Amino acid sequence: MRRKQKSHENRDRWLVSYADFITLLFAFFVVLYASAEINRTRAREVSQAVQRALHEGIPVPKAAILIGGTVTDVGKGNAQHNGPGGAMPSVKDTVAAPKPPQVDELLPSMKLLEAALSGEIAKGEVRLEMEQRGLVIGLQAGAFFASGDDMIKPPTYPTIAKVASVLNKLPNALRLEGHTDSVPIDTARFHSNWELSAARSIAMLRLLHQKYGVALDRMAIVGYAATKSAHSNATPEGRARNRRVDIVIVSRYGMRVEPGYAAGSVSAQKAPNTKN
């Protein structure tokens with residue numbers, strides 16, 4: 001009888017398990033590295049959002065900064081529910097955020113002004129813009145003032161009367177902001193653009209009060225010269241659009257920082273006098 005040969009014992013079977021372990025370990029570190037890269041991208045996005053909030057006044061949801069990821073409909077960060085790196089923004093997240101509720105009370109006034117000033121808006125003489133601080137009524141200086149002067153042209157009085165009729169229906173604070181282009185001015189009356197921009201604001205304040213009865217204690221004047229340009233000063237068109245007086249109807253949100261208009265104060269609550 002033939003003797004059965006003993007089967008050779010394989011002593012290298014452990015290499016199979018070891019190779020599986022190394023493969024899993026490699027995959028684990030790849031996932032960690034990928035997560036770190038995603039978090040770095042999210043951190044950069046948050047940093048950029050904070051910078052925009054500081055320089056442009058765009059609000060940043062606190063939950064997105066503290067928790068990470070996008071903010072859900074209930075106002076909670078969803079990064080912890082969506083794995084490393086937080087949630088990717090949905091199509092809904094990319095849509096422009098609605099205007100803050102603090103300016104909603106000025107929307108009817110904006111519609112009234114749009115209807116009343118449709119002709120002036122079409123000709124580029126008046127601009128309406130809703131901002132978080134309030135409703136901005138931009139009056140182009142070329143249409144309302146002579147060049148280098150603070151005298152308001154009488155033919156523009158009907159336009160200003162339309163604006164004043166809306167202002168007198170509101171209790172909000174008003175800011176009259178003068179702006180110029182970057183071309184220096186030095187005349188016998190105005191030695192700088194600062195003086196010219198402030199003088200035009202004062203002229204508008206005087207006309208609104210004396211001719212149209214807007215209460216003085218509601219108004220404040222500001223002269224910005226060329227420091228708050230809305231357009232480039234490199235072209236004649238841009239400089240022309242930068243020469244303007246903005247009448248700002250301050251929203252409830254903006255009124256929080258207005259002197260004498262703290263929440264609950266008498267000045268903030270009472271309606272303005274229509275005649276003085």
Side-chain angles (χ1 to χ4, degrees), residues 103 105-131 133-181 185 189-190 193-225 228-231 239-251 254-255 258 261 271-276:
V103 299
E105 82 273 9
L106 295 177
L107 291 177
S109 300
M110 186 174 186
K111 292 179 179 178
L112 282 175
L113 288 168
E114 285 176 339
L117 303 172
S118 59
E120 291 86 345
I121 294 173
K123 289 187 283 187
E125 297 175 352
V126 177
R127 169 186 110 263
L128 297 179
E129 186 174 348
M130 188 70 77
E131 298 179 359
R133 64 181 180 138
L135 174 57
V136 180
I137 308 167
L139 308 177
Q140 292 304 125
F144 290 84
F145 297 91
S147 178
D149 200 357
D150 64 338
M151 292 289 294
I152 301 174
K153 298 176 182 179
T156 65
Y157 285 5
T159 299
I160 299 172
K162 297 175 187 177
V163 174
S165 67
V166 175
L167 301 181
N168 279 326
K169 296 174 183 177
L170 301 170
N172 303 61
L174 306 172
R175 288 171 58 88
L176 312 181
E177 303 175 346
H179 302 267
T180 67
D181 59 26
I185 184 174
R189 187 172 181 190
F190 303 112
N193 282 323
W194 292 101
E195 297 178 31
L196 176 60
S197 62
R200 285 177 170 173
S201 297
I202 293 172
M204 188 62 64
L205 176 145
R206 185 180 296 116
L207 181 64
L208 288 172
H209 171 64
Q210 294 179 351
K211 189 171 181 64
Y212 302 109
V214 180
L216 284 174
D217 61 359
R218 300 175 57 203
M219 295 188 283
I221 64 104
V222 183
Y224 282 116
K228 304 292 183 183
S229 299
H231 305 275
R239 289 193 294 272
R241 297 178 72 178
N242 285 331
R243 297 190 292 269
R244 67 197 190 278
V245 172
D246 289 342
I247 301 175
V248 183
I249 305 175
V250 184
S251 67
M255 287 172 72
E258 286 294 309
Y261 280 84
N273 296 324
T274 57
K275 296 292 181 182
N276 287 301

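All values below were derived from every heavy atom in this structure, side-chain atoms included, with hydrogens, water molecules and symmetry-related copies excluded. Computed from a predicted model, the values in this text were never measured in an experiment.
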TODO: Start with the C-alpha gap between Y212 and V163, add the side-chain angles, then the distance that decides, and say whether side-chain contact (heavy atoms from CB on, under 4.5 Å) holds.
DONE: CA-CA 10 Å; Y212 302 109; V163 174; over 6 Å; no
- [ ] Starting from the C-alpha separation in whole Å, work towards a yes-or-no answer on side-chain contact (heavy atoms from CB on, under 4.5 Å) for M204 and L139.
- [x] CA-CA 10 Å; M204 188 62 64; L139 308 177; 3.6 Å; yes
Open item on the list: Could you go through I249 and L174, starting from their C-alpha distance and side-chain angles, then the distance that decides it, and tell me whether this counts as side-chain contact (heavy atoms from CB on, under 4.5 Å)?
Closed with: CA-CA 5 Å; I249 305 175; L174 306 172; 4.0 Å; yes
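For the atom pair T180 OG1 and R244 CZ, the distance stands at 9.5 Å (nearest 0.5 Å). For the atom pair CE of M130 and CG of L107, the computed distance is 4.5 Å after rounding to the nearest 0.5 Å. The CZ atom of R127 sits 10.5 Å away from atom CD1 of I137, with the distance rounded to the nearest 0.5 Å. Taken to the nearest 0.5 Å, the CD atom of Q140 stands 8.5 Å off from the CG atom of D246. Separation of atoms NZ (K111) and CG (L128) is listed at 13.5 Å; rounding is to 0.5 Å. Residue D181 holds its CG atom at 4.5 Å from CZ of R243, rounded to the nearest 0.5 Å.
Listed here is the closest heavy atom pair of S197 and H179: CB-N, 4.0 Å. In terms of heavy-atom proximity, M219 sits nearest to A215 at CE-O, 3.7 Å. The two residues R218 and N172 have their closest heavy-atom pair at NH2-O, 2.9 Å. For the pair L135 and L106, the tightest heavy-atom approach, listed with the atom from each and the gap, is N-CD1, 3.6 Å. A199 approaches F190 most closely through the heavy-atom pair CB-CE2, 3.5 Å. In plain terms, the two heavy atoms of A164 and L208 that are nearest each other are CB-CD2, 4.0 Å.
In this structure, F145 and V245 have side chains that are in contact, with non-hydrogen atoms separated by less than 4.5 Å. Annotation: side chain of D149 is in contact with side chain of R189 (closest heavy-atom distance under 4.5 Å). Taking 4.5 Å as the limit, every side-chain heavy atom of L205 sits out of range of all side-chain heavy atoms of V214.
Judged as a ring-ring contact (aromatic ring centres under 6.0 Å, His included), not a single pair has a partner in residues 150-176 (not counting sequence neighbours).
Residues meeting the side chain to side chain donor-acceptor pair (under 3.5 Å) test with E125, sequence neighbours left out: none.
No side-chain donor-acceptor contact under 3.5 Å links K211 to the backbone of A161. Judged by distance alone, with hydrogens and angles left aside, the side-chain atoms of S201 form a donor-acceptor pair with the main-chain N or O of V222 at under 3.5 Å.
Atom CZ of R241 is surrounded by 12 or fewer heavy atoms from other residues, nucleotides or ligands within 6.0 Å.
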For residues 112-123, please give each side-chain donor-acceptor pair under 3.5 Å, one per line with the distance, not counting sequence neighbours.
residue: E120; atom: OE2; partner: T159; partner atom: OG1; Å: 2.8
residue: E120; atom: OE2; partner: K162; partner atom: NZ; Å: 3.4

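Classification of E177 and R133 as a salt-bridged pair holds, one side-chain N sitting under 4.0 Å from a carboxylate O.
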